[in-house]
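Comments concern the structure below.
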Amino acid sequence: MPIEIIPLEPTLRSAIQQAFLKCYNLTLSEAACSLQVTRKEFEGTFSLPVFPFCKSCQAQPTELAETIGQWLQTHTDLIARYHVINGFLNLVIDAAIWMAILKSIADNPSYGHLPKQKRRVVVEFSCPNTNKPQHLGHLRNNFLGSSLAAILDAAGYTVHKVNLINDRGIHICKSMVAYQQFGGDATPASTGIKGDHFVGNYYVKFDQVYKEELALLPEGETPLILQKAQRMLVEWEKGDSVVMALWQKMNGWVYDGFNVTYNQLGVTFDKTYYESEAYLLGKSIVEEGVHKNIFYKRTDGAIAVDLEGLGEKVLLRSDGTAIYITQDLGIADWRYADYHFDQMIYVVGNEQTYHFKVLFAIMSQLGRPYATAMHHFPYGMVDLPDGKMKSREGNVVDADHLIDEMAGTVGNYMGHTHKTEGLTQEELEKLHHTLAMGALKFFLLRVAPQKRMLFNPNDSIDFQGDTGTFIQYTYARICSLIRKAQANQTLDPPSIQLSQLEQALIFQLYRLPAAIEEAAVTYMPSVIANYALELAKTYNRFYASAPILREANPSIRAVRLLLSVCVGRVLKKSMALLTIELPEKM
RNA sequence: GGUUCCGUAGCUCAAUGGAUAGAGCAACUGCCUUCUAAGCAGUAGGUUGAAGGUUCGAGUCCUUCCGGGACCA
């Protein structure tokens, strides 16, 4: 049974409430005594700004802080000292407490996993189209989704990761038409091109031809190649055998390509849905809406819904074919039947905010009980210096290419060091990949999700400074220490006088559950990224300034080693929440 | 036109309404005979887009405007 970790904030808060009651006869709500982390230029761990209480206590800030500080020091054993500066009461936690916290963290193998809650969450992400390979923007989505799922899991929820493949629709028909027209009998195997790239090339080809034809046509006329695609969509929905065969063949190529990429990314799903399997269900929900008089048929034959404030929204084209939202209606019902979720999170770019408002409004009008459980988690685009990435125009940062390029950069760097001697070629390649993915994932995850990101292909992603590599490096150094430590080195050291830096490190270890909690409620993996970065920075400062294995005093040596072990474990845990692997050597 | 997100150092980003707004990159100085220098220590870099307002206290909340993106028309 692991030792209970002392809950510092709640204990302090109730002590402060008591202090105000005893000293000023003032009853404070728990929320009112909000503790903050002391700025690092002052001594202390937690600070209480006393300004808000001055009026009710009829006291000057300094006098008030002094009184409360005095009371806390004499009536609790958490506080060693206190300082009153500029109306802030800075509380210094007793060093013995830190020692106890370190031991309880070391003793708790599942540290960083919050208590299990009865809450079932479905996270939908990735959701690629089967007409093009994935680019940097898709990577942000994949990583945000995977990371969010890991964070919610650590926060105690039951999490299901699902993918939804956009495998049908007019855009898919476009690459099919282009292949029919220009592909001959070329295949990914015959050309040596990865399947998703192979199909993506025909999507680009379609757009070229479309634009050429459009330029030659009078205003308002539809290019022949687009007419073909539109006809093909109708034939597809009828189940035409030639069209279906082509569709299955081309999608198969794309899935082969996707699997390679997902493997590289380390992205997995509990279930994959296909829009082709849901659009009929979607259409039946449209019928249901018409029956209930929530939807109506327009004069042009399209089915639409009038959503107050959101305008009119078409749900089924006049030719009867399904559109994006038709499928989403079906998928929503299907998924609820599968999981009976308490919360459904759609990880989709912020360009679709309106789409999801519409979807949720419709589900609510249809009286679905889970409508209020659905949430859109919008994130910003990854833009290039000259604007948005557009697959059909070919100006994208291709995911596969970027990963290869980064692994190559790592490989070149490695050529100049000798730290990885003894690794086999296979292990070395795995290490290059781990480092490349670490840098890439961290680069995309450390930024607040709602922010749009700019990526300049000319500036490569860094491996130095505030990067995933920095954290991986810190971890590798800790592993090296542990390898070199004497086998008889105890990990149950006696209590010693801890330095400022050691106390600060323990405090940061102690903050892990709070960071997970915050990341989980705000849906922000960046909270974890920044937490891990700060921890690694503090540790590196400690590592540079204090001898660990070289320390002569065995008690101090043991404490420092234990501290290193704990930092390593917490770094590993935090990075796992970002789906980043840490190598033991680099 | 409407809705919405964003605007912080040259660049990329931090900062639960709290103290002198912090990091990294790039630039410049130091530190490898010692636990991994992908590191550490330091110098320099700011009217937080602008103006009002709320507050003991605003980068953060409210209003208006400016700039950028996205979406709906």
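- A gap of 12 Å separates the C1' atoms of B/U47 and B/G59, to the nearest Å.
- OP1 or OP2 of B/C40 lies within a sub-4.0 Å distance of a side-chain N or O belonging to A/Asn540.
- In this structure B/C62 sits in the anti conformation; its chi angle is more than 90° from 0.
- Using a 4.0 Å cut-off between charged nitrogen and carboxylate oxygen, A/Lys585 and A/Glu427 do not count as a salt-bridge pair.
- For B/A38, the OP1/OP2 oxygens have a side-chain nitrogen or oxygen of A/Tyr413 closer than 4.0 Å.
- A close approach under 4.0 Å does not occur between any side-chain nitrogen or oxygen of A/Arg477 and OP1 or OP2 of B/A38.
- Using N1 to N3 plus N6-O4 or O6-N4 for Watson-Crick, or N1-O2 and O6-N3 for G-U wobble, each under 3.5 Å, B/U55 pairs with nothing.
- Taking atom P in both B/C5 and B/U64, the straight-line distance is 14 Å, to the nearest Å.
- Taking every side-chain heavy atom of A/Arg39 into account, B/G22 is the closest of B/C25, B/U36, B/G22.
- Here B/C6 is the nucleotide among B/A38, B/C6, B/U3 with the atom lying nearest to any side-chain atom of A/Gln450.
- Residue contacts shown for A/Tyr473 include a base, since a base heavy atom lies under 4.0 Å away.
- When heavy atoms are screened at a 4.0 angstrom cut-off, A/Pro547 is found touching base atoms of the nucleic acid.
- Rounded to whole angstrom, the span from the CZ atom of A/Phe442 across to the P atom of B/A14 amounts to 11 Å.
- Remark: B/A37 base-pairs with no nucleotide; criterion is Watson-Crick or G-U wobble with both hydrogen-bond distances under 3.5 Å.
- Within 4.0 Å of A/Ala546, counting heavy atoms only, lies at least one base atom of the nucleic acid.
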Practice task
Walk me through it: do A/Tyr324 and A/His355 pass the test ring pair (Phe, Tyr, Trp, His ring centres under 6.0 Å)?
Solution key: CA-CA 9 Å; A/Tyr324 197 31; A/His355 170 81; 4.8 Å; yes
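- Among the heavy atoms of the strands lying under 4.0 Å from A/Tyr354 are primed sugar atoms or P, OP1, OP2 only; no base atom is included.
- Remark: the separation of the C1' atoms in B/A58 and B/U54 is 10 Å, to the nearest Å.
- The distance between atom CE of A/Met389 and atom P of B/G69, rounded to the nearest whole Å, is 16 Å.
- Out of B/A19, B/U36, B/G18, the shortest distance to the side chain of A/Gln36 is found at B/G18.
- Taking the P atoms as reference points, B/C11 lies 12 Å from B/G46, given to the whole Å.
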Handout entry: Verdict with reasoning, A/Lys430 to A/Glu581, per salt bridge (charged side-chain N to carboxylate O under 4.0 Å, His left out)
Key = CA-CA 11 Å; A/Lys430 183 173 186 307; A/Glu581 287 179 49; 3.3 Å; yes
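- With hydrogens and angles ignored, no donor-acceptor pair under 3.5 angstrom links the side chain of A/Asp462 to the base of B/A26.
- A/Phe51 does not qualify as a stacking partner of the B/G57 base, lacking a centre-to-centre distance under 5.5 Å together with planes within 30°.
- At whole-Å resolution of the value, NE2 in A/His355 and C1' in B/U3 are 17 Å apart.
- Heavy atoms of A/Leu454 sit under 4.0 angstrom from primed sugar atoms or phosphate atoms, though from no base atom.
- As judged by a 4.0 angstrom heavy-atom cut-off over every strand, A/Ser47 is placed among the base-contacting residues.
- Rounded to a whole angstrom, the distance from the C1' atom of B/A14 to that of B/U8 is 10 Å.
- Remark: the separation of the C1' atoms in B/G53 and B/G45 is 33 Å, to the nearest Å.
- Using a 4.0 Å heavy-atom cutoff across all strands shown, A/Ser480 reaches at least one base atom of the nucleic acid.
- Contacts of A/Met586 with the nucleic acid, taken as non-hydrogen atoms under 4.0 Å apart, include base atoms.
- The nearest whole Å value for the distance from the CE atom in A/Met453 to the C1' atom in B/G69 is 15 Å.
- Pairing for B/C65 is with B/G49, a Watson-Crick or G-U wobble pair whose two hydrogen-bonding atom distances lie under 3.5 Å.
- By the stacking rule of 5.5 Å between ring centres and under 30° between planes, A/Phe42 stacks on the base of B/A19.
- Between A/Phe443 atom CZ and B/U12 atom P there is a gap of 10 Å when expressed in whole angstrom units.
- Each of B/C40, B/C25, B/C35 was ranked by its minimum atom distance to the side chain of A/Gln464; first place goes to B/C25.
- Note on A/Pro378: nothing from the nucleic acid sits closer than 4.0 angstrom, heavy atoms only.
- Separation of the A/Phe463 and A/Tyr473 ring centroids does not fall under the 6.0 Å cut-off.
- Ranking B/U36, B/A38, B/A70 by closeness to the A/Asn350 side chain, first place goes to B/A70.
- The distance from atom CZ of A/Arg140 to atom P of B/C13 is 9 Å, rounded to the nearest whole Å.
- Using a 4.0 Å cut-off, some side-chain N or O of A/Lys484 falls inside it from OP1 or OP2 of B/U36.
- Using a 4.0 Å heavy-atom cutoff across all strands shown, A/Ile478 reaches no nucleic acid atom at all.
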Handout entry: Derivation of the side chain to side chain contact (heavy atoms under 4.5 Å, CB included) call for A/Phe53 and A/Tyr24
Key = CA-CA 10 Å; A/Phe53 316 114; A/Tyr24 292 98; over 6 Å; no
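- The phosphate of B/G7 has OP1 or OP2 within less than 4.0 Å of a side-chain N or O from A/Lys451.
- Judged by Watson-Crick or G-U wobble contacts below 3.5 Å, the nucleotide B/C13 has B/G22 as its partner.
- Taking a pair to require two hydrogen-bonding distances under 3.5 Å in either a Watson-Crick or a G-U wobble arrangement, B/G42 pairs with B/C28.
- When only modelled atom types and interatomic distance are considered, A/Tyr346 and A/Gln352 share no side-chain donor-acceptor pair under 3.5 Å.
- In this entry the distance linking CD of A/Glu518 with C1' of B/A14 reads 12 Å, nearest Å.
- Checking the phosphate oxygens (OP1, OP2) of B/C6, no side-chain nitrogen or oxygen of A/Arg452 falls inside 4.0 Å.
- The only option from A/Tyr523, A/Phe360, A/Phe356 that meets the ring pair (Phe, Tyr, Trp, His ring centres under 6.0 Å) definition with A/His376 turns out to be A/Phe356.
- Straight-line distance from the CE atom of A/Met381 to the P atom of B/C5: 15 Å, rounded to whole Å.
- In this structure, A/Glu584 reaches the bases: a heavy-atom distance under 4.0 Å links it to at least one base atom across the strands shown.
- Pair check for B/U3 finds B/A70; Watson-Crick or G-U wobble, both atom distances under 3.5 Å.
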